[in-house]
Amino acid sequence: MPATIPDKPGLEGLEATWSKRWDADGTYRFDRTQPREGVFSIDTPPPTVSGSLHVGSACSYTHTDTVARYQRMAGKAVFYPMGWDDNGLPTERRVQNYFGVRCDPTLPYEGTFEVPERAGRLPSGHRAVPISRRMFLELCERLVAEDEVKFEELWRALGLSVDWSHTYTTIGEGARRTSQRAFLRNLARGEAYQADAPTLWDVDDQTAIAQAEMEDKETPGAYHRLAFHRSDGSADVHIETTRPELLAACVALVAHPEDDRYKPLFGQSVRTPLYDVEVPVVAHRLADPEKGSGIAMICTFGDTTDVTWWRELQLPTRAIIGHDGRIKAAPPEWMNSPQALAHYAEIAGKNVKQAQTRVVEQLAASGEMLGEPRAITHPVKFYERGKRPLEIVASRQWYIRNGGRDQDRRDAFLRRGTELNWIPPYMKTRYDTWVEGLTGDWLISRQRYFGVPIPVWYRVDADGVVDHDARIVPDESTLPVDPSAEPAPGFDETQRGQANGFVGDSDVMDTWATSSLTPLIACAWEDDHDLFARTYPMDMRPQAYEIIRTWLFSTVVRSHYETDALPWKHAAISGWVLDPDRKKMSKSKGNVVGPMDWIEKYGADSLRYWAASARPGTDTAFEEAQLKIGRKLAIKILNVTKFVLGLVDDEATGTLEPGGRPDAEFAALDLSLLSQLASVIDEATAAFEALDYARALERTEAFFWRFCDDYVELVKTRAYSGETFDRWSATSTLQLALHNLQRMFAPFVCYATEEAWSWWQDGSVHGAAWPSRSAFAAAAGAGDPLVLDVAAEVLAEVRKAKSEKKLSLNTPVARVAVRDTPDRLGALAEATDDVCAAGKIDVLVTEAADEFSVTATIDTDA
RNA sequence: GGGCGCUUAGCUCAGUUGGUUAGAGCACCUCCCUUACAAGGAGGGGGUCGGGCGUUCGAGUCGCCCAGCGCCCACCA
């Protein structure tokens, strides 16, 4: 036995000592000799590498870790890799701010970049330095590498039992290869396609975005009532719009087919204010007679309804907003009057807000706006990370079919959702409503840089025009490729952009197009068939609910296509961590204390304890008080271990292997404890099997305090000074309970349990077998749980009597009378000596009664 | 507009198929240095289980209705 037990056990330094040891011993190494049924594989969310992790991440990753540790102890080879999601826009934005640069793909590679001295806090007014694409990518790589080191340090300190030899990054070679391979296969099967179509567009980042990244924000706006003129000169038609600046992009007016007010106008045309452009009046069921004046103008494109109308009514395209979010400079060819062009010239080059101001002034001057604008607040579509509303522009983009335009596929994905085990079950609703509400396919191309390149080139024809239908794709064996930096197969670099040459697709995939492949990346799909066969489909996907529509759904889509299977069996959905004031935690608020600060202050076990108290799927408020409780628990585990092990003197040692003696020799109170212990093991095991770590913790914890407060106190005297036989029963039971409790707490308080375990056991507690009642089944079966319950209740009453008389618990009691039902008195009789010893009771008498009561006569002579 | 979740002690939450006086921790109050633990321990006060109706011998637990909070989805001119 190892075992030097410190005089004053504490938590300080346990993280450093044990995480180092675990690393050296390979405690969490994945045993890849196990067949699939002996493996538990976890598709860990790769955290976004964007500066720092907050306490919410620490919380949900701990949830997963408790399950991983349970499964490992239950005998599974746990496949628990960790990834870093470093590609994509968040990193680009950080690099832009941190280094004060912007990517200009037309520039040549500089070779070096000098980091500004005050990096990260550039003076306001500083203008971003344009740098080449390659340099920009190098800076991205540099920054994420620094962050990933910090992230790993935190996860290790937190005690995540990750196998650190299995890590990946979403910009890494393996992820790029997997992303491109899957994309090429999607393309070959027709699941990926390119189309020139109206697209949600973020004007600040100048990239297309997907439906899943879009969100509504309540935004101030105003109704403007505008007059359209009838060609016969009769009364004007009034429409209401919140976007008068799009008047120049108007292609029609629309009203409901049954709206009698406008029926006579259908098929006729009207002329727009300011620009005098003739537009038809059309009918469509989506026009709401109740809204505004009941007739609306259709612009290309003001919102997604415009897109629907434009498509279904086959209207022309009159786009006036450029990719930079400004009104296009070129005069629209659909306007011909000098006056119209003059009006337009005044807004050309302005952003939409400036343009709106000017258009309103023009309308006021021309008398074509009725009354003042009417202020309202309405939902407007934003990119979830964006500051300005989305625009809709037509552009050529890549899509993956996700059921948004195809009922059969949609049904297939809904069925997949049904096959998945959702924890908690009601989270499936989010998946269903999202899939049912899809309005188009999944847009995966982004006009950005730090991402996985679309692995496609295009031929340039003899006239120097790019032919997007003449695609050139690489052989899978050459992946990953970068079409912007490498020539197309069969060409050389000098032919780039030349007639009869090629161009590379300059887009990258959205980060979700890679993240959706994490099970395939982690399990080394097509790269390591042996590993893949042992780990895929995976067992568990832990994630938060807000990315069900993105990460979870897109992963189901990709796995369905590549493996015709669900990527995992269970989806364990976690909630949010909220501030103590119930507001969603966010870094922007400042003053956020990071997980590492909490670990340093209270210990990793305390943070893990708090995290594991949050039930699956529910939001939790962060509470410092909870950390203190966890700390108390961890210290208690150390102290009670020290106490129990201290009882075992030389004479007793050696014979006291837990459960090593015939059950009949145990005292009734001890059997009673073992019977309760067995029940708790059953409950905790069942809870863990259902991935309900919080319940497992709660049951274990409740039993542990009952063990410390009541059982240990009751048998203390006997364990010190009882007859050999009675002593043995007590110390043996104490050790048996401890042996089980340490293992049951190991998934939660991984450091303190390891420390306590090391005082008397060989090996790591994290490699020990998960407790089972079968190890002491006969003893547990022989025990009556009532004995401990009644004994503890009587002891509590005696303590209460002393407490109310303000006496020390040490004070002797001359006589205690217990009135209770016969069966309970019978149970008490089995433990009378222990109760008397623990309560310092001279005489204990009992009397049958209907109700429980205790009278204690305190001996005040002392 | 449709849907999901929540509502139990001052606070944070348990309460698994309906079953004896509704639990825990924190906070608060009182007491105690008792041979593991004073960065401890032992006790105490505190709840008409959001409201209403119903099913039942019996409802915090099941059904319906209502309210408040949070969230998701929606074609939001």
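Every chain is numbered from 1, with letters handed out A, B, ... down the list of sequences. Just so you know, these numbers come straight off a predicted model, no measurement behind them.
- Within the 4.5 Å cutoff, side-chain heavy atoms of Val712(A) are placed close to those of Phe707(A).
- For an aromatic pair to be called close, the ring centres must be under 6.0 Å apart, and Phe553(A) with Trp442(A) fails this.
- Taking the C1' atoms as reference points, G63(B) lies 12 Å from U56(B), given to the whole Å.
- One C1' atom belongs to U8(B), the other to A59(B), and the distance between them is 14 Å to the nearest Å.
- One N or O on the side chain of Ser293(A) and one on the backbone of His238(A) form a donor-acceptor pair closer than 3.5 Å.
- Nucleotides A42(B) and C33(B) have their C1' atoms positioned 13 Å apart, rounded to a whole Å.
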Show your reasoning for whether side chain to side chain donor-acceptor pair (under 3.5 Å) applies to Gln742(A) and Trp759(A). CA-CA 12 Å; Gln742(A) 287 179 350; Trp759(A) 294 340; over 6 Å; no
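- A residue-by-residue look at Arg615(A) and Thr304(A) shows that Arg615(A) has its nearest nucleotide of RNA chain B further toward the 5' end.
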Which atom pairs link the protein and nucleotides 36-38 of chain B when you take only N or O atoms and keep those under 3.5 Å?
{"from": "A36(B)", "atom 1": "OP1", "to": "Lys716(A)", "atom 2": "NZ", "distance (Å)": "3.4"}
{"from": "A36(B)", "atom 1": "OP2", "to": "Tyr720(A)", "atom 2": "OH", "distance (Å)": "2.1"}
{"from": "A36(B)", "atom 1": "O2'", "to": "Asn639(A)", "atom 2": "OD1", "distance (Å)": "3.3"}
{"from": "A36(B)", "atom 1": "N6", "to": "Glu713(A)", "atom 2": "OE2", "distance (Å)": "3.4"}
{"from": "A36(B)", "atom 1": "N3", "to": "Asn639(A)", "atom 2": "O", "distance (Å)": "3.4"}
{"from": "A36(B)", "atom 1": "N3", "to": "Val640(A)", "atom 2": "N", "distance (Å)": "3.4"}
{"from": "C37(B)", "atom 1": "O2", "to": "Lys636(A)", "atom 2": "NZ", "distance (Å)": "3.0"}
{"from": "C37(B)", "atom 1": "N3", "to": "Lys636(A)", "atom 2": "NZ", "distance (Å)": "3.2"}
{"from": "A38(B)", "atom 1": "OP1", "to": "Lys8(A)", "atom 2": "NZ", "distance (Å)": "3.1"}

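- Between G45(B) and A27(B), the distance separating the two C1' atoms is 13 Å to the nearest Å.
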Taking only N/O atoms, report every protein-nucleotides 3-7 of chain B pair under 3.5 Å with atom names and distance.
none

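- Salt bridge absent: Asp682(A) and Arg699(A) never bring a charged side-chain N and a carboxylate O closer than 4.0 Å.
- Nucleotide U12(B) holds its C1' atom 14 Å from the NZ atom of Lys628(A), rounded to whole Å.
- A side-chain donor-acceptor contact under 3.5 Å links Arg410(A) to the backbone of Gly404(A).
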Between the protein and nucleotides 30-33 of chain B, list the N/O to N/O atom pairs that are separated by less than 3.5 angstrom.
{"from": "U30(B)", "atom 1": "O2'", "to": "Lys806(A)", "atom 2": "NZ", "distance (Å)": "3.3"}

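- RNA chain B lies under 4.0 Å from at least one heavy atom of each of the following residues of residues 684-698 of chain A: Arg695(A), Glu698(A).
- Residues Tyr431(A) and Trp422(A) bring their aromatic ring centres within 6.0 Å.
- Between C29(B) and C37(B), the two P atoms lie 27 Å apart (nearest whole Å).
- Heavy-atom nearest nucleotides on RNA chain B were determined for Tyr545(A) and for Glu12(A), and the one closer to the 5' end corresponds to Glu12(A).
- Separating the CZ atom of Arg699(A) from the C1' atom of U16(B) is a distance of 8 Å, rounded to the nearest angstrom.
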With Watson-Crick and G-U wobble geometry limited to distances under 3.5 Å, how should the secondary structure of RNA chain B be encoded in dot-bracket form, using | for bases paired to another strand and [ ] for crossing pairs? (((((((..((((.....[...)))).(((((.......))))).....(((((..]....))))))))))))....
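- Side-chain contact check for Phe704(A) versus Met744(A): every heavy-atom pair is 4.5 Å or farther apart.
- Of the candidates Phe622(A), Tyr609(A), Trp610(A), Trp598(A) forms a ring pair (Phe, Tyr, Trp, His ring centres under 6.0 Å) with just one, namely Phe622(A).
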Contacts under 3.5 Å, N or O only, protein and nucleotides 19-26 of chain B:
{"from": "C26(B)", "atom 1": "OP1", "to": "Lys632(A)", "atom 2": "NZ", "distance (Å)": "3.2"}

